[in-house]
Amino acid sequence: MIDGTAGVSGRRDADEALLDNPNALAEHDPGDMLRHTASGGAQVRESAALAAEANLAVLADDGRPRAVVIAGIGTAGRTGDVLATVAGPRCPVPIIGHRSAGVPGWVGAADVVIAVSASGRSPEALGAAEAAHRRGARLVAVGAPDSQLQSVAERARAPFIPVPRRAPARASLWALTVPVLLAARSLGLVKVNEADLAETAARLDADADRCRSAAESFVNPAKSLALGLAGSIPIVWGSSPLATVAARRFGDTLSANARYPVVTGALGEAGRGRVGLLDGVFGGLAEGERDIFADPSEDDGEGTRLRLVLLRDGGLNADEDTDEPLAVEERRADAVQTLAERRGVRCDVVTAEGGSALERLASLIAVPDFASIYLALAHGLDPMAVPAITEMKELSNQ
């Protein structure tokens, strides 16, 4: 074990044996991040029930808005990305994520602002809620009960969906996302029904069972993915807009939980530039010197290499409902896998499953979420305790 300068302990090389020892996993996970992540299905069901108790129907009284602004930072900000991708390119109004305090200058009475904060006290969400109220925009607030955000919503006589704070924000994606989706449904912007929510919750439950700590690495997709990524520089690309949201989410959790640097984005955009990483000093140049007879599970000490993770949507929507034909996305995904293979860059593929956009998104997020935690634990890191985040907040709030 190594003691870092910030009081963080861990090991540079991943301990594969630890991942198959449930007692050791529990010891290294004092904040219960595995359990919190396994609650995704329960979060969907609970937040749907809480949203049903809020007076979201009032949002429709003034008709369709000119635009919807989702205000929040971190995981709260990701809820806007989820809404945009579930609504799809045929959404009749723009859905805009806003990750700084206040709201865009053009926001006014014709618009809707959804302020999201797991704690209910983030400056970005509070500033947006207050600005929306001053400008006469319709407001919805999502956050911890009895918080500052709830107080702002009450002053504005706006709907507030309470999300009990039982886990860190990054483990509460589904608790924060479902109220945002249901608010948008009240505005007539998305078609998310109760069956979609039930199937998504069931999918998250099933993936949590597959990724449980007692399941050994060779049958646990999250542990296998974590061990494949160990010691690498991950590149995570999504083959479609929906898969790209999942890719960026994986980047968030790899950084926060496992403290790994990661490159994420859309495969289409990567094909215009970042795919060149496969040729670089961490990609094809390094792989060209690898002993082809060496055991790929053994660290040969020749330096860090890229590891590609490709999230493939596989296609649910008809071509007319997408920005780009499915066939183009599939050919591009096949091409990058071939490029990686030719250069010796190892590639993991996660393929979406499910009957709705929301369930398919959940199927691309669940296993990588668990993988980021197992990767942290394999390095002896507590995935919940991130001193740098705490110090950053303290220093910037002085």
Side-chain angles (χ1 to χ4, degrees), residues 43-72 76-99 102-104 106-118 120 122 124-145 147-163 173-197 200 356-358:
Q43 291 179 32
V44 171
R45 287 183 280 267
E46 181 183 40
S47 57
L50 292 170
E53 296 174 2
N55 186 23
L56 293 177
V58 70
L59 293 172
D61 291 347
D62 292 329
R64 179 181 294 169
R66 178 180 60 177
V68 175
V69 175
I70 313 297
R78 285 281 172 235
T79 65
D81 299 336
V82 175
L83 173 57
T85 195
V86 171
R90 303 296 180 185
C91 182
V93 305
I95 296 171
I96 300 165
H98 188 70
R99 290 174 165 84
V103 293
W106 48 263
V107 169
D111 306 302
V112 170
V113 174
I114 304 179
V116 187
S117 169
S122 79
E124 294 79 12
L126 288 171
E130 291 166 350
H133 177 40
R134 287 196 305 270
R135 298 188 190 189
R138 280 175 279 176
L139 172 66
V140 183
V142 179
S147 62
Q148 294 169 272
L149 186 58
Q150 181 172 2
S151 297
V152 175
E154 289 173 349
R155 289 201 305 271
R157 297 182 180 179
F160 177 80
I161 298 104
V163 176
L173 175 68
W174 300 105
L176 298 173
T177 294
V178 170
V180 171
L181 292 172
L182 295 181
R185 185 179 71 175
S186 296
L187 293 166
L189 304 183
V190 292
K191 297 177 181 178
V192 175
N193 57 41
E194 277 59 38
D196 295 335
L197 293 172
T200 299
S356 68
L358 187 61

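Just so you know, these numbers come straight off a predicted model, no measurement behind them.
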Would you check, one step at a time, whether the test side-chain contact (heavy atoms from CB on, under 4.5 Å) holds for L197 with W174?
CA-CA 11 Å; L197 293 172; W174 300 105; over 6 Å; no

Rounded at 0.5 Å granularity, tell me how far [atom1] in [X] sits from [atom2] in [Y].
X: T79; Y: I114; atom1: OG1; atom2: CD1; result: 8.0 Å
X: I96; Y: L83; atom1: CD1; atom2: CG; result: 11.5 Å
X: S122; Y: R99; atom1: OG; atom2: CZ; result: 12.0 Å
X: S117; Y: L126; atom1: OG; atom2: CG; result: 6.5 Å
X: L181; Y: K191; atom1: CG; atom2: NZ; result: 15.0 Å
X: E130; Y: L149; atom1: CD; atom2: CG; result: 9.5 Å

Minimal non-hydrogen separation, [X] against [Y], with atom names:
X: P65; Y: L187; result: CD-CD2, 4.1 Å
X: A156; Y: H133; result: CB-ND1, 3.5 Å
X: A153; Y: A141; result: CB-CB, 3.9 Å
X: S47; Y: A175; result: CB-O, 3.5 Å
X: V69; Y: P104; result: CG1-CD, 4.3 Å
X: V103; Y: V113; result: CG1-CG2, 4.2 Å

Side chains of L56 and I161: closer than 4.5 Å at any heavy-atom pair?
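When only atoms from C-beta onward are counted, I161 and L56 do touch, with a gap below 4.5 Å.
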
So which pairs with a foot in residues 51-70 pass salt bridge (charged side-chain N to carboxylate O under 4.0 Å, His left out), sequence neighbours left out?
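Pairs touching residues 51-70 that pass the test: R66-D111.
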
Restricting to pairs with a member in residues 179-190, which pass salt bridge (charged side-chain N to carboxylate O under 4.0 Å, His left out), not counting sequence neighbours?
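Applying salt bridge (charged side-chain N to carboxylate O under 4.0 Å, His left out) to every pair that reaches into residues 179-190, excluding sequence neighbours, yields R185-E194.
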
Residue pair L59, V140: steps toward the side-chain contact (heavy atoms from CB on, under 4.5 Å) verdict
CA-CA 9 Å; L59 293 172; V140 183; 3.4 Å; yes

Listed by chain and number, what are the side chain to side chain donor-acceptor pair (under 3.5 Å) partners of R78, not counting sequence neighbours?
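Once residues adjacent in sequence are excluded, the partners of R78 under the side chain to side chain donor-acceptor pair (under 3.5 Å) criterion are D81, D252.
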
Audit row: V163, L50, side-chain contact (heavy atoms from CB on, under 4.5 Å) steps and yes/no
CA-CA 8 Å; V163 176; L50 292 170; 5.6 Å; no

